[in-house]
Amino acid sequence: MARTGNHAVVIGASMGGLLAARVLADFYERVSVLERDSLPVGAAARKGVPQGRHAHALLPKGAEIVEGLFPGISRELVERGAVPINMGQPIRWFDGEGYRCRFPSDIDAIGMSRPLLEDQVRARLLTLPNVHAVDDCEVQGLAASADRGRVTGVRIRRGKGAEEEVLTADLVVDASGRGSQAPAWLQSLGYDAPTEDRIRVDIGYTTRLYRRRPDDLDGDLFLLVGPTRAVKRFSFFQSQENDQWLVSLGGYLGDHAPSDDAGFLAFARGLPAPDVYDAIKDAEPLSEPVTHKFPANQRRRYDRLTRVPDGLVVFGDALCSFNPTYGQGMTVASLEAAALQRCLSTGAQGLPRRFYKEAAKVIDVAWNIAAGGDLRFPEVEGPRPPMVKFFNWYMHKLQRAAHRDPVVAGVFVRAFAFIDPPTVLLGPGVMARVLRGNLRRTARDRTRYQVPMRSQAQA
Ligand SMILES: Cc1cc2nc3c(=O)[nH]c(=O)nc-3n(C[C@H](O)[C@H](O)[C@H](O)COP(=O)(O)OP(=O)(O)OC[C@H]3O[C@@H](n4cnc5c(N)ncnc54)[C@H](O)[C@@H]3O)c2cc1C
C-alpha cells in the first residue's frame, strides 16, 4: 500500500497512544511512540498511568476493535491468566435499586488488570517493524512551520537534564492523557485553545487486591455495585489473572473510601448492597489499598475550533475523559482509532478537522451516557436540557424493568457495551417492555437484596 507519510510521532504509550500507533503503522513509513515514563518489562503499574492500579473493564466493542487491530490478542490475554466472562451470566450487577437479571448472551468480556492489557498491546505493537517506542522521553512542546500553519514535529528531552531536541514528523498524535498540554501549545502558536465542557463529580477510587477462591460470590466473576441517590458509593469487584480479585471502592462528591484496613472494610459495609463486604470481610488481602481521585468529566472541543494547524491530532483522554465508573475510556479510544483509520484511508489532507468531526460522533454517545448520567444526581452541577432529564428518567425505568426482564437486561448491556447504539433502548418493543416492567413491579421487586439465580437466563 502507498504510504501517506514518512514519519508519525505519538505522544504517550498508554492505551490511547498504542492504539493510535497501530493504526498509523499502516499509513506511515515509521512510527515513534514517545513516553515520559520508563516502560516496564512485563505487566506492571507505572507512574504515568496511576489509574492502572484500579478497576478497568474493556467493554466488548473496545475488545472487538483491539482484536481486529491485533488478531489473536484475546486468546493471548487468556493464556496469560485473564478471565473470560460472559456478559449475561456470571456478572452480578446491583444498579442502586436491585440486581439486573441474568440473560442468555453471546458477548464475552475479559477480566484482567489494566497493566496486563497494556503490556500485551504494547508487546504486539512493538513486533511491527516500522514502530518503535522511546521511553524516558518527555515532549516539551510542538515544532511548527514558519507560517505556523503546520505542526512539523515535537520538542523533546530524552531523560532528565538532557538538551532539548526537535524530532520532525509529518503527523503528531497527542495521546498524553487528560493533562495534555496541547491547548497551551496551540496558543503558543497563535491558535485558540479549545473550549472545555466539564461536569464535576469528585470521584475517588480506593483499590485493593484479594486472593480469589473458586466459590467466592457463588462462582460469579464480576460484581458491580452502583450508587443510589442517597448513598453515592460504588464498587467494582473484578476477577483477573493470578487468581486475584481487584476490589475498587469509590464514591461521588468527596465520599471516598479510606486506605486503612478498618476504614476500607467499614466503607464496603456502607455500600448500597452487601455483597462486597460479605466477600472481603474474611478474604486474604494481597496488597495495601491505593487511592486515585477523578475530579470531572472533561471534554475539549477541538471539533469546534475554527482554525487548527495541519499535522496535529489530539486523541484519547486528551480529547475527552469520562467518569471512569462507566468504563468507557479505552473503548472510546478504540473507536477513535477506528475513526482515524477511516480518515487516513482517504489521505492526510485536512486530517485533524476530519478526525475531530468523526471522533465527536463517538464522544457524543459516550458523553451523554457518562456526563449526562451523572446529572441524574441533583448535587452534580451542569446543564439539564429536557433530553437529559428524559433520558435519565427513562433509564431509571429501564433499569427497573431489567431486574426481571432478561430481554431488557440484554438490550441494555449491549448498548452499554457499545455493541448497539443507544437508540435501541428507545425502540418501541423495548419501550413496551419497560412500561410493562414498571407496571408489574411487586413487593418482591422492591426488596433489594435478591441476587438473581443463573437459571433466570432460561426464564
Ligand atoms: C480510576 C480510573 C478507572 C478507569 N477505568 C476504566 C475502565 O474501567 N475502562 C476504560 O475503558 N477506561 C477506564 N479509565 C480510563 C482509561 O484509563 C483511559 O481512557 C485510557 O488509559 C486511555 O487514556 P490515554 O491513553 O488517552 O491517556 P493516559 O492513559 O492518561 O496516558 C497518557 C500517557 O502519556 C504519557 N505522557 C503524558 N505527558 C507526556 C509527555 N509530555 N511526553 C511523553 N509522554 C507523556 C503518560 O506517561 C501516559 O503514559 C479509567 C480511568 C480512571 C482514572
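Just so you know, ligand 1 is whichever comes first in the structure, and atom 1 is the first atom listed for that ligand. For clarity, every value in this text was computed on a predicted model and none was experimentally measured. Just so you know, residue 1 is the first one in the sequence shown, and it goes up from there.
You'll find the side chain of His403 reaches within 4.5 Å of the side chain of Glu97, heavy atoms only.
The distance from ligand 1 to the heavy atoms of Gly316 drops below 4.0 Å at these ligand atoms: 26 (O). For ligand 1, the atoms lying closer than 4.0 Å to a non-hydrogen atom of Cys137 are 42 (N), 43 (C). Heavy-atom proximity to Gly12, at under 4.0 Å, picks out these atoms of ligand 1: 33 (C), 34 (O), 35 (C). Atoms of ligand 1 found under 4.0 Å from any heavy atom of Ala175, numbered from 1 in the order shown, are 32 (C), 33 (C), 34 (O). Below 4.0 Å from some heavy atom of Gly177 lie the following atoms of ligand 1, by number and element: 27 (O), 30 (O), 32 (C).
The existence of a salt bridge linking Glu76 and Arg124 is confirmed by a sub-4.0 Å separation between a basic side-chain nitrogen and an acidic carboxylate oxygen. Between Asp317 and Arg299 there is no salt bridge, since no side-chain N of the basic residue sits under 4.0 Å from a carboxylate O of the acidic one. No salt bridge links Arg213 with Glu284; every basic N to acidic carboxylate O contact stays at or beyond 4.0 Å. Under the 4.0 Å criterion applied to side-chain N and carboxylate O atoms, Asp197 and Arg301 are assigned as salt-bridge partners.
Partners of Pro40 by side-chain contact (heavy atoms from CB on, under 4.5 Å), not counting sequence neighbours, listed by chain and number: Ala44, Arg46, Arg122.
Between Gly329 and ligand 1, at least one pair of N/O atoms sits closer than 3.5 Å. In terms of polar-atom proximity, defined here as any N/O pair under 3.5 Å, His292 makes no such contact with ligand 1.
If you look at Leu59 next to ligand 1, there are no close heavy atoms at all, none under 4.0 Å.
Look at Arg46 and you'll find a heavy atom under 4.0 Å from some atom of ligand 1.
In this structure, of Glu336, Gln51, His56, the residue bringing a heavy atom nearest to atom 4 (C) of ligand 1 is His56.
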Quiz: residues 307-314 side-chain donor-acceptor pairs under 3.5 angstrom, not counting sequence neighbours:
{"residue": "Arg307", "atom": "NH2", "partner": "Gly190", "partner atom": "O", "Å": "2.8"}

